[in-house]
Amino acid sequence: MRIGLLTEGGYPYVSGDARLWCDRLVRGLGQHEFDLYALSRTRHQEDEGWLPLPPHVSRVRTAPLWTADEDGVTYGRRARRRFAESYGEFVGVLCAGPAADGANGPVGTDGADGAAGPGGEIGPRAVPGSLADRFGNALRGLAELARDEGGLAGALRSDTALRALERACRAPGALGTAREARVPDLLAVAAHLERALRPLSLDWYGDDGLGAADLCHATSGGPAALAGLLAGHFSGVPLLVTEYGVQLRSHYLATGPGAATPAVRALLAAFHGRLAAEVYRRAAIITPGNAHARRWQERCGADRARIRTVHPGMEAARFTEVGEAPDRAEPDTLVWVGRIEPAKDLVSLLHAFAEVRKEEPKARLRVVGAAAGPEGEAYLGHCRALAAQLFPDEAEGVHAVGDNPVAFEEVGGPAAPTLADAYASGAVVVLSSVVEGFPVGLVEAMLCGRATVSTDVGAAVEAIGGTGLVVPPRNPRALAEACVALLRDPERRERLGAAARARALELFTVEQNIAAFRSIYLEIVSHCPVRRVVVDQAGEPLPFAVPAEAHVPGRWTGPTARVAHRGLPGRALGAAVRPAPVRATPRTATEGAL
């Protein structure tokens, strides 16, 4: 079958999110043909280039989210009226208050009209039915206008759009925070909406693009999933949405009280909440990476019957030697491995280690990792200074194990040549984060057969199961007590480490991840087939051009069936010609080399 893989800020670019997971997925499913549709986030990301692509990737089409040139489209009177109606309805839904749909509050209002989400975080309410319908209809109306008239870039930046947003904010029954919006707030929200709605103006949805796919697989929510919604609307292509980090949660974390005014935060939270709910409502199947993400999706209204949890896949082979070799860890050593940034809460870890030293004077702590950007560099400097302050009698040689109980290192150095060596050096692996999605570092430690102590954040408990100790976040005393308990009991460490490795090999390998998606692809195509007759240039039907799974009998195949005559789509046997990869811009395309 042909898969339209939708990414945002990741694969096939060298840098970005989920690039390794996507690359492993594509290479592991060589029996299918993949078309990549990638949204880039920065010019630097595009300049870095792509990863090497396997031969069954037929084409790559890219579009930037970081810039949008004027498309030169000038709307006539009728088109302007269509835009005003659709965009007015769109922003009207975003600004609608609780009274707009009975007792239920709107999605995502930063707690002003929302509710506490999973784990005590601010979370959304499910979208009320009528508001959900209005939001979806407005999105589709804007997309149809872009298809008919050539793009929305100019219209979304126009005074008409700004005035429509202002009217919606001032309308009776609007959110209280929205009514407080001033001109700078309106400009900020309008600019954000223009950027987020750029997929509406792309030329990806015809028979030479996503319309020729049997399945769209969005590797994140947000703009990537929005492109999948449009492929479903225009061409009836079913949508699979995978979220290893919930896009809506990421938005909440990024737009804290210091990031924007209350009015901007409320309106943007409403938009992202309603978009997430629309994506979950229209997707054939949703695949969260863990139960924590699944709870967020269910809170947004996702149907449990269409959710399949698929854990991320890790390369287990790189940790085999350490995991199966005799224990060569230093018996009194704790090790922390990861990206150094404030969310990892190394300050609490250092305070906890000071308590550990009181009970176990020979204990040592190795912090292995690189700083993440300027903020991470500053945080690393703060942690180094704190370590020197907590252990003043041993401040000489703070960077070397043996001179000071705390060592700051990086993978690739003499003490930790490889990532597996870093985990192998510690008797206990510690995670001290206050914010975490899926704890990759914990799973790597489990593959290395190490006992772990972690804070109860994100999917940590789900990953560990019963193979490690879990303590509350921001609690140095509890963290210290758990570490001391394992340092004093080598037999318990050995039992937990063996159980951890067995659990990781069962649940968190690349092989199980690929097998799960292979099964899900077949399930979607058999239940939601895209019925089409594919013909060659002479108008004759092409044999074997439609997946056999699309012919599985069942009453579920009727409502979504459609028939379309197409030219060569690049997937038929023998006579098919693979199209060259292109970079897509709103309503235009230029040729590029794969």
Side-chain angles (χ1 to χ4, degrees), residues 319 322 325-340 344-371 379-433 441-442 444-446 448-455 468-469 471 475-494 496-497 500:
F319 305 107
V322 170
D327 191 359
R328 54 191 174 97
E330 301 172 20
D332 299 314
T333 300
L334 305 174
V335 64
W336 179 96
V337 181
R339 184 175 55 186
I340 297 176
K344 304 302 182 182
D345 198 15
L346 292 179
V347 170
S348 289
L349 176 59
L350 291 170
H351 283 290
F353 183 65
E355 297 295 321
V356 171
R357 289 278 291 182
K358 295 177 183 178
E359 301 291 332
E360 295 292 327
K362 295 182 179 180
R364 295 189 176 277
L365 172 64
R366 300 181 65 180
V367 177
V368 183
Y379 188 68
L380 175 58
H382 174 68
C383 292
R384 288 182 186 275
L386 178 61
Q389 179 183 351
L390 290 173
F391 308 100
D393 296 336
E394 303 167 285
E396 276 305 314
V398 73
H399 303 289
V401 173
D403 298 327
N404 186 275
V406 179
F408 293 90
E409 308 162 14
E410 291 189 21
V411 175
T418 67
L419 186 60
D421 290 326
Y423 290 113
S425 65
V428 177
V429 176
V430 186
L431 180 141
S432 55
S433 302
L442 280 182
E444 291 172 341
M446 293 166 67
C448 291
R450 290 297 179 267
T452 60
V453 174
S454 71
T455 49
L469 303 186
V471 301
N475 192 329
R477 181 174 294 277
L479 191 62
E481 291 176 354
C483 291
V484 169
L486 291 183
L487 288 175
R488 289 178 173 176
D489 194 342
E491 292 185 359
R492 186 183 185 189
R493 291 201 309 266
E494 185 177 354
L496 290 175

### Task
Can you see which heavy atom on Val430 is nearest to which on Trp336, and at what distance?
O-CD1, 3.2 Å
### Summary
CG of Asn475 to NE2 of His351, rounded to nearest 0.5 Å, is 13.0 Å
#### Entry: Results of side chain to side chain donor-acceptor pair (under 3.5 Å) for Gln389 - residues two or more places apart only
none
### Task
Kindly compute the distance separating CG (Leu346) from OH (Tyr379), expressed to the nearest 0.5 Å.
5.0 Å
### Summary
Thr455 meets the side chain to side chain donor-acceptor pair (under 3.5 Å) criterion, sequence neighbours left out, with none
### Message
Run the side chain to side chain donor-acceptor pair (under 3.5 Å) test against Asp421 and tell me which residues pass, sequence neighbours left out.
### Response
Arg328, Thr418
### Query
If you count the non-hydrogen atoms of other residues, nucleotides and ligands that lie under 6.0 Å from CZ in Arg488, is the total more than 12?
yes
### Query
If you take all heavy atoms of Ser348 and Pro476, which pair is closest and at what distance?
O-CB, 3.8 Å
### Message
For a quick test of reading the model, state the closest non-hydrogen atom pair linking Val453 to Ala482 and the distance between them.
### Response
CG1-CB, 3.7 Å
### Query
Do you know which two heavy atoms are closest between Val337 and Ala422, and how far apart they sit?
CG2-CB, 4.2 Å
### Query
Which value, rounded to the nearest 0.5 Å, describes the distance between Arg493 atom CZ and Glu491 atom CD?
10.5 Å
### Summary
Arg364 and Asn404 have their tightest heavy-atom pair at NH1-O, 3.1 Å
### Task
Kindly determine whether Val429 and Glu444 satisfy side-chain contact (heavy atoms from CB on, under 4.5 Å), including the steps that lead there.
CA-CA 10 Å; Val429 176; Glu444 291 172 341; over 6 Å; no
### Message
If the condition is ring pair (Phe, Tyr, Trp, His ring centres under 6.0 Å), which residues does Phe319 pass it with, not counting sequence neighbours?
### Response
none
### From NE2 (His382) to CD1 (Ile340), nearest 0.5 Å
13.0 Å
#### Entry: Nearest heavy atoms of Ala363 and Pro405, plus distance in Å
O-CB, 3.9 Å
### Message
Within this structure, what is the OG-CG distance for the pair Ser432 and Leu350, rounded to the nearest 0.5 Å?
### Response
8.5 Å
### Task
May I ask you to test the Leu469-Arg492 pair for a side-chain heavy-atom distance under 4.5 Å?
yes
### Query
Checking side-chain contact (heavy atoms from CB on, under 4.5 Å) for the pair Val406/Leu390: CA distance, chi angles, key distance, verdict?
CA-CA 10 Å; Val406 179; Leu390 290 173; over 6 Å; no
### Query
Hey, are the side chains of Leu365 and Val356 touching, using non-hydrogen atoms and a 4.5 Å cut-off?
no
### Heavy-atom check, side chain of Thr452 versus side chain of Leu431, under 4.5 Å
no
### Task
State which residues pass salt bridge (Lys or Arg N to Asp or Glu O under 4.0 Å) with Glu481; sequence neighbours excluded, sorted by chain then number.
none
### Message
Do Val322 and Arg450 have side chains that approach each other closer than 4.5 Å (heavy atoms only, starting at C-beta)?
### Response
yes
### side chain to side chain donor-acceptor pair (under 3.5 Å) against Ser425, all qualifying residues, sequence neighbours excluded
Arg366
